[in-house]
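Reminder, nothing fancy here: chain letters follow the sequence lines and each chain counts from 1.
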Amino acid sequence: MKFRLEKTDKHTNARCGTIFTDHGEIETPIFMPVGTLGSVKALHIRELKDDVNADIILGNTYHLYLRPGTEVLEQAGGLHKFNGWDRPILTDSGGFQVFSLAENRKLTEQGATFRSHIDGSKHIFTPENVMDIQRSIGADIIMAFDECPPGDSDYRYAKDSLDLTHRWLDRCIKRFDQTEPKYGYSQSLFPIVQGCVYKDLRERSAEYMVSKDRDGYAIGGLAVGEPTEDMYAMIEVVNKILPQDKPRYLMGVGTPVNILEGISRGIDMFDCVMPTRNGRNGMLFTSEGTINIKNKKWDRDFSPVDPNGTSFVDHEYSKAYLRHLIKSNELLALQICSIHNLGFYLWLARESRRRIKDGSFSAWKDNMVKKLGRRL
RNA sequence: GGGGAGAUACCAAAGUGGCCAACUGGGGCGGACUGUAACUCCGCUGACUUAUGUCUUCGUAGGUUCGAAUCCUGCUCUCCCCA
């Protein structure tokens with residue numbers, strides 16, 4: 001995997017570039033739809049490609065390991081062959097799942113033990129087996145196994161957690177570098193900067209990650225309960241240290257405003273469940289603000305779902321019809337909402353890229369941030 | 001014609017003397033959701049009120065009782081079975 005930095009904004013730290021993988025190019029800034037179980041919920045690959053126009057999607061180590069399991073994935077020839085997606089894939093390591101399944105987890109130096117949410121069976125993740133599993137899944141970009149502490153962790157906990165994440169990273173890298181890809185194309189391992197909301201920890205973590213000289217770097221442990229301003233501050237702290245010539249991935253973030261603020265602070269890659277999950281729950285993101293399509297006020301609004309939208313669902317369906325579908329529990333509603341939201345997120349990333357290129361990003365972004373926070 | 005059962009809030013359905021403005025579903029209204037255990041979760045849903053509270057409700061008209069959705073009587077309506 002290679003990254004080419006193409007332009008940096010004059011007024012902000014925003015930048016654009018291209019990531020080259022064996023499954024194709026990714027133009028940054030980019031938003032990556034989340035496809036936890038090997039599928040972006042409610043969408044066909046055709047819609048992802050032709051309508052949403054996603055360059056890369058995510059998969060999740062934790063979920064895919066539990067089901068269908070690495071044997072099936074290996075027999076299939078990797079996740080790309082299994083799900084038919086021939087563009088790049090990134091897999092998360094499962095570190096976040098260990099955090100979000102807090103009741104069942106147990107962290108030790110060796111790794112994390114947890115119980116399957118499917119059948120209650122006991123499992124262990126270690127830096128080594130998480131690398132092996134991600135080799136079997138075969139994503140183009142794979143993530144280090146980290147601990148993701150809660151946003152309100154105290155300094156002591158944050159520091160111990162960070163040290164553990166760093167020791168685990170060394171083991172991840174060792175195992176990764178000792179093993180080969182299984183399907184004939186290359187994979188890249190991204191370390192994950194942690195450190196909660198503590199500046200010195202974040203700086204130390206970023207410096208440690210950079211010393212490992214990998215193809216790209218992720219910032220994790222943000223948008224996990226800490227104030228938004230703290231999140232922005234941490235991004236700034238970390239991005240001062242991360243190298244210019246490598247992509248930076250802000251994990252799990254976020255709202256459209258979060259993404260614009262992230263871009264203007266030098267983030268290149270984002271992922272978030274928000275467009276799909278919130279979409280399935282009736283929340284639509286538009287360039288004018290946020291809509292709860294379930295609200296009664298839309299029941300006779302026959303205007304298009306989003307007149308400014310880029311996907312066909314935005315023009316083919318009306319708000320009133322979409323409201324009717326979601327109130328009636330029709331599956332089509334989930335599809336329309338998900339396509340719309342992903343289309344919007346991808347548009348937001350592409351428009352940012354275009355604006356960075358032509359020099360109009362800063363003013364446009366300030367104006368967009370004002371509009372995007374609105375509730376319609 | 002004979003026999004039986006029942007009428008409770010938007011719908012369905014508990015409740016058979018005080019803890020009942022009334023369980024529980026559904027529907028309705030609103031909210032939440034940030035590296036997806038999520039077509040999920042959480043509120044509200046008689047009226048007025050921020051709330052305490054006050055007022056009006058369990059087919060209908062009376063009655064018994066300190067007290068009635070609950071007991072008694074009349075009326076109205078609905079359903080089932082047999083002819």
Closest non-hydrogen atoms of A:Ile124 and A:Asn129, given as atom of the first, atom of the second and distance, are O-ND2, 2.9 Å
To the nearest angstrom, the CG-P distance between A:Leu90 and B:U36 comes to 10 Å
Can you confirm whether A:Lys371 is buried at NZ, in the sense that more than 12 heavy atoms of other residues, nucleotides or ligands lie under 6.0 Å from that atom? yes
Separation of B:A38 atom P from A:Ile326 atom CD1, nearest Å, is 17 Å
Is it the case that over 12 heavy atoms from other parts of the model lie below 6.0 angstrom from the CD atom of A:Glu180?
no
Picking from B:G31, B:U36, B:C39, the nucleotide nearest the side-chain atoms of A:Leu334 would be B:C39
Open item on the list: Does B:A37 have its OP1 or OP2 closer than 4.0 Å to a side-chain nitrogen or oxygen of A:Ser100?
Closed with: yes
Item checked: Presence of salt bridge, A:Asp268 and A:Lys246, under 4.0 angstrom -> no
A:Lys319 vs A:Ser303 side-chain heavy atoms within contact, under 4.5 Å: yes
Closest of B:U34, B:G35, B:U40 to the A:Ile192 side chain is B:G35
Atom CG of A:Leu342 and atom P of B:U34 are separated, to the nearest Å, by 16 Å
- Task: May I ask you to say what A:Lys41 touches in the nucleic acid, namely base, sugar-phosphate or nothing, with a heavy-atom cut-off under 4.0 Å?
- Result: base
*Think A:Arg353 forms a cation-pi with A:Phe361, using NZ or CZ under 6.0 Å from the six-ring centre and within 45 degrees of its axis?*
no
query = Quantified in whole Å, what is the C1' atom distance between nucleotide B:U56 and nucleotide B:A22?
reply = 14 Å
message: If I pick the P atom on B:A68 and the same atom on B:U78, what distance separates them, to the nearest angstrom?
response: 31 Å
Taken to the nearest whole Å, NE2/A:His117 to P/B:A37 is 7 Å
Report task. Output, in order, the C-alpha distance, side-chain angles, deciding distance and verdict of salt bridge (Lys or Arg N to Asp or Glu O under 4.0 Å) for A:Arg67 and A:Asp119. Result -> CA-CA 11 Å; A:Arg67 196 163 55 192; A:Asp119 62 5; over 6 Å; no
A:Ile293 atom CD1 is separated from B:G30 atom C1', nearest whole Å, by 15 Å
When you compare B:A5 with B:G43, how far apart are their C1' atoms, in angstrom units rounded to a whole number?
39 Å
Next on the checklist: Any base atoms under 4.0 Å from A:Asp146, or only sugar-phosphate, or nothing? Heavy atoms, all strands.
Outcome noted: base
Atom CE of A:Met283 and atom C1' of B:U36 are separated, to the nearest Å, by 16 Å
Below the 4.0 Å mark, does B:G31 have OP1 or OP2 next to a side-chain nitrogen or oxygen of A:Asn295? yes
OP1 or OP2 of B:G31 less than 4.0 angstrom from a side-chain nitrogen or oxygen of A:Lys294, does that happen here?
no
So what does A:Arg67 touch, heavy atoms closer than 4.0 Å: a base, only the sugar-phosphate, or nothing? nothing
- prompt: Can you tell me if the side-chain N/O atoms of A:Asn292 get under 4.0 Å from OP1 or OP2 in B:G31?
  reply: yes
For A:Tyr198, the other hydrophobic cluster members (4.5 Å side-chain criterion, sorted by chain and number) are A:Tyr155, A:Leu162, A:Val197, A:Leu201
Q) Do NZ/NE/NH1/NH2 and the carboxylate oxygens of A:Lys159 and A:Asp200 come within less than 4.0 Å? A) no
Distance between the P atoms of B:A7 and B:G59, in whole angstroms? 8 Å
Once you apply a heavy-atom cut-off of 4.0 Å, does A:Gln194 come out as touching a base, just sugar-phosphate, or nothing?
base
Sequence neighbours excluded, the answer for side-chain hydrogen bond (donor to acceptor under 3.5 Å, both in side chains) partners of A:Thr286 is none
Could you tell me how far B:A47 sits from B:A9 if I compare only their C1' atoms? Round to whole Å.
13 Å
Any strand, both distances under 3.5 Å, Watson-Crick or G-U wobble: B:C66 pairs with B:G18
Expected list for residues 257-277 of chain A near RNA chain B, using heavy atoms below 4.0 Å, is A:Asn258, A:Asp271, A:Cys272, A:Val273, A:Met274, A:Thr276, A:Arg277
Nearest-nucleotide check on RNA chain B, A:Glu330 vs A:Pro149; residue mapping nearer the 5' end is A:Pro149
Q. Within the pair A:Arg280 and B:A32, is there a side-chain N or O less than 4.0 Å away from OP1 or OP2?
A. no
Quick note, A:Lys327 side chain, CB onward, closest among B:G28, B:G35, B:C39 is B:G28
Side-chain atoms of A:His63 come closest, of B:C39, B:U36, B:G30, to B:U36
Nearest-nucleotide check on RNA chain B, A:Asn60 vs A:Lys296; residue mapping nearer the 5' end is A:Lys296
Checking N1-N3 plus N6-O4 or O6-N4 for Watson-Crick, or N1-O2 and O6-N3 for wobble, each under 3.5 Å, the partner of B:C41 is B:G31
By the Watson-Crick or G-U definition, both distances under 3.5 Å, B:C58 is matched with none
- Could you give the distance separating B:G30 and B:A13 at their P atoms, to the nearest angstrom? 28 Å
For B:G6, the nucleotide meeting Watson-Crick or G-U wobble distances (both under 3.5 Å) is B:C77
| task | Determine the interatomic distance between C1' on B:C79 and the same-named atom on B:G26; round to the nearest Å. | result | 23 Å
Taking atom P in both B:G62 and B:A12, compute the distance separating them and give it to the nearest angstrom. 27 Å
Of B:G35, B:C39, B:U34, the nucleotide closest to the side chain of A:Val253 is B:U34
By the Watson-Crick or G-U definition, both distances under 3.5 Å, B:U24 is matched with B:A12
inquiry  = Quick check on B:U36: is either OP1 or OP2 less than 4.0 Å from any side-chain nitrogen or oxygen of A:Gln97?
reply    = yes
note: A:Tyr249, atom OH; B:U34, atom P; distance rounded to Å ~ 15 Å
Open item on the list: Can you confirm if the aromatic rings of A:Tyr317 and A:His340 lie within a centre distance of less than 6.0 Å?
Closed with: no
To the nearest angstrom, the CD1-P distance between A:Ile118 and B:U36 comes to 14 Å
**Prompt:** Is the base of B:G31 touched by the side chain of A:Asn281 through a donor-acceptor pair closer than 3.5 angstrom?
**Reply:** no
### Query
For A:Gly94, which contact category applies under a 4.0 Å heavy-atom criterion: base, sugar-phosphate, or nothing?
nothing
